[in-house]
Novice: 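Supplied in C-alpha cells, the structure appears directly below.
Numbers restart at 1 for each chain; the letters A, B, ... are given by sequence-line order, proteins then strands. Only a predicted model underlies this, so the values are computations on that prediction, with no experimental measurement involved.
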Amino acid sequence: MSEAHIPPYEPQAIEPKWQRIWEERRQNEIGEDPARPKFYLLEMLPYASGDLHVGHARNYTLGDVVGRFRRMRGANVMHPMGFDAFGLPAEAAAIQHGTHPQDWTESNIANMIRQLRRLGVAYDWTRVIDTSAPEYYRWTQWLFLLMYRRGLAYKKEAPVNWCPKDQTILANEQAEGGVCWRCGTRVEQRLVNQWFFRTTDYADRLLEGLDRLPGWPERIKTMQRNWIGRSEGVTFSFEIPGATETISTFTTRLDTVYGVTFIAIAIDHPLLEQLIAGKPEEAKVREFIAGVADKTELERTQMEKLGVFSGAHAKHPLTGERVPIWVTNYVISSYGTGAVMGVPAHDERDFDFARKHRLDIATVVTPPGDPGFVVHDAPYIDDGVLVNSAEFDGLTSEQARSTIAEELIERGIGETTVNYKLRDWLISRQRYWGAPIPFVNCPNDGLVPVPEDQLPVLLPYDAPFTGAQGSPLDNVPSFVNTTCPQCGGPAKRETDTMDTFMCSSWYFLRYLNAHDDKAPWEQEAAWYWAPVDHYIGGAEHAVMHLMYARFFYKVLNDAGMVPKDEPFTRLFNQGFVLGENHEKMSKSRGNVIGIDETADRYGVDALRLFEMSAGPPGTDYPWSTTGIAGATRALNRIWRLTLRHAEALRRPPKAGAASSNGSADAELRYGVHSKIKQVTEEIGDRMHMNTCVSAIMTLLNDLEAYAASHDDASASPAFVEGLRTLLLILAPFAPHIAEELWERMGQVRSIHLEAWPAYDEAALSRTVIPFVIQVNGKHRGTIEAAPGSSEDAVFEKARAVATVNAQLDGKTIRKRIFVPDRLLNIVVG
RNA sequence: GCCCAGGUGGCGGAAUUGGUAGACGCGCUAGUUUGAGGGGCUAGUCGGGUAAAACCGGUGCAGGUUCGAUUCCUGUCCUGGGCACCA
C-alpha cells in the first residue's frame, strides 16, 4: 500500500469495534479446563465510588497485560471484576443528597462497568459481582452463620463512639479528633452489645502462614507481624496485704522484676474500687478517672503520662517489699491484664512516669562490662547483666528471664503467657447500608440464628436516612418485628449490619460460581482455581483487608471448603499515578485526570501504553500530557509501518526465516529475538512493563530504520518476522490496535489467542560482538571481535585503537584483566 | 523515637550477576516538509572543553574495598511510607 492510501489511525473507531467483536465472540469467557494450567489473576475489589481516573486505569491495565500475556503463553486465565458496594459513602451520599444508597450504588456500578469495558481489559463479565446484591450477601450471611457454627462468632459489650447531640454511633473516621464530624460535639464512649469474630484464635496461624508466602512483599509481611504483635512473657501476681484478691501483671522483661518500684493500673481495672474504697485518696482518684474516662483510647495514647496514688500497696512476690499502686492513663485494660509492673530504670514509659511523680528508680540490669552502672538521665532498656537481684545477680537478662520464670511457676504465682496486639474482629456496624446480621432476638430462646433456607435476610429498601437516632433499621418495624425460627413466637431482628470488610474477605471465591444459588461456590471450581495466583492492589490494604481475607480463608480451609490455607500466593502492590504537579491525585486538588476525557482524546491503547511505560509498576509517577501524546505518536508509527507493508504480510511467511540479506538481516533478527527474550522474562517475573515498552519502541526504531534502508524490506523474512513480532508483543499492552493491524495483515484468528513468540537462541548469537577496552579502569575505546576471542587477540586489536594506544604510550603494562566476550582492562604504571 | 523503601540529565526513568552511566520516552534546539492545527521527517541534547576530536568531571554527601563501584561496605544528610505508650 502506498503512503497516500494509508488510512489514518482512529482509535475512537477501532477500539469500540473490537470490544464489541470480542464480546460477540465471548472471547474472554472462561471455564475450568483440566488440560491447561490455570492462572487466577485478580485486582483488589474496587469500592463502587462512581468514577474511575487514570490511576485505576494503570492498576487494571497492569493486570490485563499480565493476563493477556499468560493466556498467550497457554494458561487458562481467570480474570474477573466486581464491586465492593456496601458501605458508608453510599449512606453519606443519601443523607447529603437525598438519593437512596442502592440507587446511588447501582448507577455508580453501571458507570464503572462502562469505563472498565472501555479500557479494554479482558475481564470475564459473566462473573461480575456486586456485594450489595441479595444474591451475593445471602452468602455473606451464610458465611456469618458458618462462623457462628464453628464457634467463631460471639456477642459482647464493646465501646463505640457516640454523639450525644445526633444520638448516633459514629465510625472511627467520623469521630476524628474526638469530635463528631457533622456537629462538632464531643464524642462519648458508650458500651454496646456487638458481634465479634475470634480472629485471635487464629493469631498464631496468621503469623506462621506469613513465613510460607515468599511471593509477598517483605514490608507487608512485617506490617502484619507487627499488627499481630505476638509477645511471649510471664503473668504473675502481686498480693495486696489486707485484700483477698491479687493483682496480676504481664511482662516480657522478668529480668527487671527486682527493679519494680510501683504498680501501674488502668483506670477501669476490675480491682480499683476495692483498692480505693474508704481510703483518703478515694476522692482524688475518682476525680482523676473522671478527667480521663471520656477520652478515647487513641486520645489517651497522645497525652502526657498522668496518674494518682491509689492509697494501696502490693507486696513484691520476691523481695516482699511494699510497692505503691498508681492509677494511670497510660496503662490500657484491653491488653494483658490491665496492670503493669513499673520498672523505671529499664522501661522508657515507666521512667517518664517515675520522674514526673518522683518515684524510686532502682537499677537492676547493667550493660555488659560495667557492673557499677546506675541509671540517671535515661533508662537502660537493653539486655545486660543483673545486679541488686538477690540470688540472680550476675545472670544475663536472657538467663534471668527463664530462671526467674521457673521460680515463679514453681511457687505457683506465675505462668508463661503469650499476648497479642491483634484483637477480635468487631463485625457489627450500626448502619443501614450493609448486609444484615442473620439473627433474631427471641424473648424465649434468646439469640437465634436465621435458618439457612430463610436467607437472605433482605435489607428493606425503605428506611429513614436522617443520620440520627442510631441505626436506621431500628426504625423499620416491618424489618425488626419477626417471628422466632425456633418457637414461632414474636421476636426482633438484629439491626446491626456487617463490616464491609466481611464482604470483601471472600469475594474472590464467589467469582468461581458467581450466580450459583445452591452454594457460595462449588468445591470442584475451588479445587481447580483457588488460591489466587497473582493479587494486585494498593499497600493501604496491607493489614485490614489482607488479614481478614487470610483469616476467612483459613476458617474455610478448616471447614474443608477450599484447598490450601493461604488465599493469595503472590501479592503485588502497585504505585499511584500522581497529578501532573506531582501531588496526590484528588478532587480537592483539582488534578484528577479521568478515563473518559483521556480516552476521547488519545484512545485507550495510548493511555495503556503510556501508563505502562511511565515507570515500574511498584512506584508512583506523575501524569504527563505530553507523555501520552508520545504514546499516540508511537502507535501512529506502528500503524503506518505495518500498513505500508500489509500486502506483503498477507503472504504466508517463508519457511525458516533465516538471514537472506547478510548481516543487516542478522542484526535485525538479533534485535527481534533479544526483545522477545527481554519482554518474556520481564512480564513473567518482575513485571517492569516500562522496560517492555522501551523494548517495543526500540524494535519499532529498528524496523523503521531497516525499511528506510531497504527498498524491498517486505521481501525479507527477517523484516516480516520482526513486524509480526512487534504486533504480538504489543498485543497485551495495546490490544485494539494490535488486533486491527493483525487482521489487516491477513490474519483470521484473534491476535490475543495466538501463541506468544518464542525466541531463537541461534539468532541471539552474533559473529562479532563489542569488547570494552579500559586502561586503568577507564573506558578508552571499544573494539569488535568474534565471541570467544582470546585475550591476546583482543589486546592486539585494542592497542591499534588510537585512544587506547595514547594511554599506553611510554608506560609499562603491569597487568591485564580480561572478561571473556566483554572487556579488557589494561593496567599500566 | 523505631522499622522499611528510595535519592541517577530540564522531566519520567534504564543499567536484573560489580564491567561502555543516562537505554526508551517526554521536553528542548536546529534543519527540513510546508495549507495551518499539541502534524511528518532528519540531526543534536549530562556539565566543562574542542572547529570536530582528544581530554577532565559526574549517579544526594564523606570515606572505604576493587584492575574497575549507580551496583558491595561504613558513616552522614534528605525524601516518601509504616508503627508509635502493647508492658
Novice: Could I get the full list of side chain to side chain contact (heavy atoms under 4.5 Å, CB included) partners for A/H688, not counting sequence neighbours?
Specialist: A/P616, A/P617, A/E682, A/R686, A/N690, A/T691
Novice: Please tell me if A/K421 has a side-chain N or O lying less than 4.0 Å from either OP1 or OP2 of B/rC85.
Specialist: no
Novice: Can you name the salt bridge (Lys or Arg N to Asp or Glu O under 4.0 Å) partners of A/D702, sequence neighbours left out?
Specialist: none
Novice: Please determine whether a side-chain nitrogen or oxygen atom of A/R633 lies at a distance below 4.0 Å from atom OP1 or OP2 of B/rC26.
Specialist: yes
Novice: Under 3.5 Å for both distances, Watson-Crick or G-U wobble, that's the pair rule; now give the dot-bracket for RNA chain B, with | marking pairs to another strand and [ ] for crossing ones.
Specialist: (((((((..(((......[....)))(((((((.....)))))))(((......)))..(((((..]....))))))))))))....
Novice: Are side-chain N/O atoms of A/D255 and A/S397 paired as donor and acceptor at under 3.5 Å?
Specialist: yes
Novice: Say whether A/N419 and A/S231, considering side chains only, have a donor N or O and an acceptor N or O under 3.5 Å apart.
Specialist: no
Novice: Less than 3.5 Å between a donor and an acceptor, one on the side chain of A/R637 and one on the base of B/rG40, is that the case here?
Specialist: no
Novice: What's the closest nucleotide to the side chain of A/R601 if the choices are B/rG27, B/rG38, B/rA54?
Specialist: B/rG38
Novice: Can you tell which of B/rG38, B/rC85, B/rG25 lies closest to the side chain of A/A629?
Specialist: B/rG38
Novice: OP1 or OP2 of B/rA15 versus the side-chain N and O atoms of A/R686: is any pair under 4.0 Å?
Specialist: yes
Novice: Is the phosphate of B/rU66 approached by A/N825 (side-chain N or O, under 4.0 Å from OP1 or OP2)?
Specialist: no
Novice: Does any N or O donor sit under 3.5 Å from an N or O acceptor when you compare the side chain of A/S694 with the base of B/rA23?
Specialist: yes
Novice: With a non-hydrogen cut-off below 4.0 angstrom, is A/S231 in contact with a base, only sugar-phosphate, or nothing?
Specialist: sugar-phosphate
Novice: Look at the rings of A/F610 and A/Y621 and say which category their plane angle falls in: under 30° parallel, 30 to 60° tilted, over 60° perpendicular.
Specialist: perpendicular
Novice: Return each pair, listed once, that meets salt bridge (charged side-chain N to carboxylate O under 4.0 Å, His left out) where at least one residue sits in residues 602-618 of chain A; pairs must be two or more places apart or across chains.
Specialist: A/D64-A/R608
Novice: Using the ring pair (Phe, Tyr, Trp, His ring centres under 6.0 Å) criterion, which residues pair with A/F351? Sequence neighbours excluded.
Specialist: none
Novice: From the options B/rU20, B/rC26, B/rC67, select the nucleotide whose nearest atom is closest to the side chain of A/I817.
Specialist: B/rC67
Novice: Distances under 3.5 Å between protein N/O atoms and the N/O atoms of nucleotides 8-12 of chain B, please, pair by pair.
Specialist:
from   : atom 1 : to     : atom 2 : distance (Å)
B/rG12 : O2'    : A/A614 : O      : 2.4

Novice: What side-chain donor-acceptor pairs closer than 3.5 Å can you find for residues 807-814 of chain A, not counting sequence neighbours?
Specialist:
from   : atom 1 : to     : atom 2 : distance (Å)
A/K811 : NZ     : A/Q807 : O      : 3.4

Novice: Determine the contact category for A/G229: base if any of its heavy atoms lies under 4.0 Å from a base atom, sugar-phosphate if only primed atoms, P, OP1 or OP2 are that close, otherwise nothing.
Specialist: nothing
Novice: Can you find an N or O donor on one side and an acceptor on the other, under 3.5 Å apart, linking the side chain of A/Q774 with the base of B/rG19?
Specialist: yes
Novice: Quick one: which residue pairs count as a side chain to side chain donor-acceptor pair (under 3.5 Å) with a foot in residues 338-348 of chain A, not counting sequence neighbours?
Specialist: A/D347-A/R349
Novice: Can you list, by residue number, the residues of residues 779-788 of chain A that have a non-hydrogen atom closer than 4.0 angstrom to RNA chain B?
Specialist: A/H779, A/R780
Novice: Which nucleotide wins on minimum distance to the side chain of A/E682, given the candidates B/rC41, B/rG38, B/rA15?
Specialist: B/rA15
Novice: Taking ring pair (Phe, Tyr, Trp, His ring centres under 6.0 Å) as the definition, give me every residue that meets it alongside A/F262, ordered by chain and number, with sequence neighbours left out.
Specialist: A/F353
Novice: Could you pull out all residues at least two apart from A/Y9 that satisfy ring pair (Phe, Tyr, Trp, His ring centres under 6.0 Å)?
Specialist: A/W639
Novice: List the residues meeting salt bridge (Lys or Arg N to Asp or Glu O under 4.0 Å) with A/K221, not counting sequence neighbours, and say none if there are none.
Specialist: A/E218
Novice: Any idea if B/rG35 is syn or anti, going by the 90°-from-0 cut?
Specialist: anti
